[in-house]
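Right, one structure below, let's go through it.
As a basis for the values below, the full set of heavy atoms in this structure was taken, side chains included, without hydrogen atoms, waters or symmetry mates. Keep in mind that what you see is a predicted model, and the values were worked out from it rather than measured.
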Amino acid sequence: MAARLQVLAKPGEILVSERVRLSVVAHPLITFRSLGRPALKNVMEPIEVFSVDQSGAQTERPIVILRNAPPPAPEPARQPSVAVLALSNLSGDPSNDHLCEGIVEDVIANLSRFRNLLVVARHSAFLFSLKTLSAREIGARLGVRYLLGGSMRRAGKRLRIAVELTDAELEGVLWSDRFEVGIDELFEVQDEIAGAVASRLAVQIDFAQQKQESQYPRDMRAYGLVLRGQQLLLRFSKEANTHARLLFDEAIENAPNYGRAYSGLSRTHNLDWRYSWSSAPDASLETAVDLARKAILHDQLDARGFAELGFAKLYQKRHDESLAEYKRAVALNPNDADILAEHADSLVYAGQPRQAIDLLDRAMRLNPYYPDWYLWYLADAHNAMGSSADVIDAVHRMQNPDEGRRLLAANFAHLGLMDQAHAAAREVMRLHPGFTISRWRHRPPYRNSAILERYVEGLRKAGLPD
């Protein structure tokens, strides 16, 4: 990849891939400017390329600006706490990266079921490696006492997985093991690793019965397709969403009872509705609900199915039903930071923004290097409470504030800062050339119409078209 990027770079210019950009948590003097997804020799899937500006000067309209400082180090957890780091891929084949990530993600999900164990979310844990930082430093940055790391080597259908549990504070290994299994035995190994970690941290093993009933796919191809589809969903583009849908459809063809595939497919239809990518938006939203129900039908112990149903019902403005589904999801997996953040957004629209802020605080503790959409939901909560200054502060903390431009325009206007409000409104129109208030106002599912009307009033003051 470095050789391909070098060909594109001008003399003295530094180009990096999307993966490198995401690996840099924060630096006060570095700005990244997107160059799009140029064609690269022998690289089949388009890769977003970024130019690195080390001058510290802001570009006129940067695509991504990293936060001026990393999130403050979390306070040490009172209960046992662990971060599961990404497995090192020793196979020499990049196509196995998805499998490494999938193994760890499932171990995290299993550990997250323990209410008295704090498990850091994968978004934050995957930013660190014991190859580059000491266990003590990683533990301090993530606010955890224990780290689980390891490696995977694949030879055909055989996997060799090595793991070790480290006390980050004392920098001593508490437990290590090696597993050499066929790929079809992978899920039993994931459960065994999670159980071993929990027992060594003196956490009660309370999901032994659940793991027997949870539906893993028998077809490993379906598992790989779902992992790839989940990565594509994070791009929030029409093309990536369409590609992800094809992968989830193929996964279901290979494993018709795989609940997680239906959950992913549900999200693609919800995004079609949310971003107006669908020619029949109401039908897309109804399809999202139906697919989430199928996810639950095929796996009643997977929290993601209930979360997807709560997500879809929220945008149908069925607030009580949405909150009930999220409560079921949290009961199954109380430490899934993304589910907690989405539950918080459902609370905002249901008229409970203060409770939403408390829940977002917990999600950010579990995922200290949280993605932008956590801050977007936080801004939504402050907007519902009429706290314009807090809305602006939350949006300005986003690495890429594009999705928060509407909130900025309305709340600058409410504060009488009209120059800033008009500038934010111009950015809204640049990002969404066909934007009109009358069309947009049907999207936010507020139960309290007064909050929506205040929001709309701010958008009008900022100069956005009716």
Side-chain angles (χ1 to χ4, degrees), residues 1-71 85-101 122-133 137-138 141 227-244 369-373 396-405 427 430-431 433:
M1 182 60 66
R4 300 294 178 260
L5 296 180
Q6 181 178 337
V7 173
L8 297 179
K10 299 174 184 177
E13 184 180 28
I14 300 175
L15 300 185
V16 299
S17 67
E18 185 174 14
R19 175 170 291 190
V20 172
R21 181 189 70 78
L22 292 174
S23 297
V24 181
V25 178
H27 195 294
L29 299 180
I30 296 181
T31 297
F32 292 96
R33 179 169 55 88
S34 175
L35 301 180
R37 292 183 168 83
L40 301 175
K41 184 179 179 181
N42 295 332
V43 179
M44 301 300 292
E45 185 176 350
I47 302 295
E48 188 165 10
V49 176
F50 294 84
S51 176
V52 180
D53 174 18
Q54 298 183 90
S55 68
Q58 301 294 334
T59 55
E60 180 181 355
R61 201 163 56 211
I63 301 299
V64 177
I65 304 175
L66 297 181
R67 299 185 183 100
N68 289 332
L85 308 181
L87 289 180
S88 299
N89 177 12
L90 302 183
S91 304
D93 183 355
S95 65
N96 287 320
D97 287 347
H98 287 299
L99 185 56
C100 284
E101 293 177 5
R122 65 181 295 275
H123 315 285
S124 293
F126 279 19
L127 294 172
F128 299 96
S129 169
L130 289 168
K131 293 180 179 179
T132 56
L133 292 173
E137 187 170 358
I138 295 174
R141 291 197 186 188
L227 293 178
R228 290 167 56 198
Q230 289 172 338
Q231 291 296 318
L232 286 167
L233 287 177
L234 299 176
R235 296 186 181 180
F236 294 100
S237 73
K238 183 176 181 180
E239 294 75 17
N241 199 56
T242 301
H243 188 185
Y369 295 86
Y370 43 81
D372 274 350
W373 54 272
H396 280 164
R397 288 163 57 196
M398 295 170 69
Q399 295 184 50
N400 182 351
D402 284 351
E403 291 295 341
R405 299 291 183 186
E427 282 295 287
R430 179 184 68 83
L431 294 164

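At least one donor-acceptor pair under 3.5 Å links the side chain of Asp372 to the backbone N or O of Gln399. Looking at Asn96, its side chain never comes within 3.5 Å of a backbone N or O of Cys100 through a donor-acceptor pair.
Of all non-hydrogen atoms in Asn89 and Ser91, the two that sit nearest each other are OD1-N, 3.0 Å. Nearest approach of Ala244 to Gly229, heavy atoms of both residues: CB-O, 3.7 Å.
Take Glu239 and apply the side chain to side chain donor-acceptor pair (under 3.5 Å) test, not counting sequence neighbours, and it matches no residue.
Atom CD of Gln6 has 12 or fewer neighbouring heavy atoms from other residues, nucleotides or ligands inside a 6.0 Å radius.
Between Ile138 atom CD1 and Ser124 atom OG the span is 12.5 Å, to the nearest 0.5 Å. From Leu227, atom CG reaches atom CG of Leu232 across 11.5 Å, with rounding to the nearest 0.5 Å. A distance of 9.0 Å separates CE of Met398 from CZ of Arg405, quoted to the nearest 0.5 Å.
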Test log, rule side chain to side chain contact (heavy atoms under 4.5 Å, CB included), inputs Phe126 and Glu101
CA-CA 9 Å; Phe126 279 19; Glu101 293 177 5; 3.9 Å; yes
Verify side chain to side chain contact (heavy atoms under 4.5 Å, CB included) between Asn241 and Leu233, making sure each step is shown before the conclusion.
CA-CA 6 Å; Asn241 199 56; Leu233 287 177; 3.6 Å; yes
Step by step, would you call Arg141 with Leu133 a side chain to side chain contact (heavy atoms under 4.5 Å, CB included)?
CA-CA 11 Å; Arg141 291 197 186 188; Leu133 292 173; 4.3 Å; yes
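Contact annotation: the side chain of Lys131 approaches that of Ser88 to within less than 4.5 Å [non-hydrogen atoms, C-beta and beyond].
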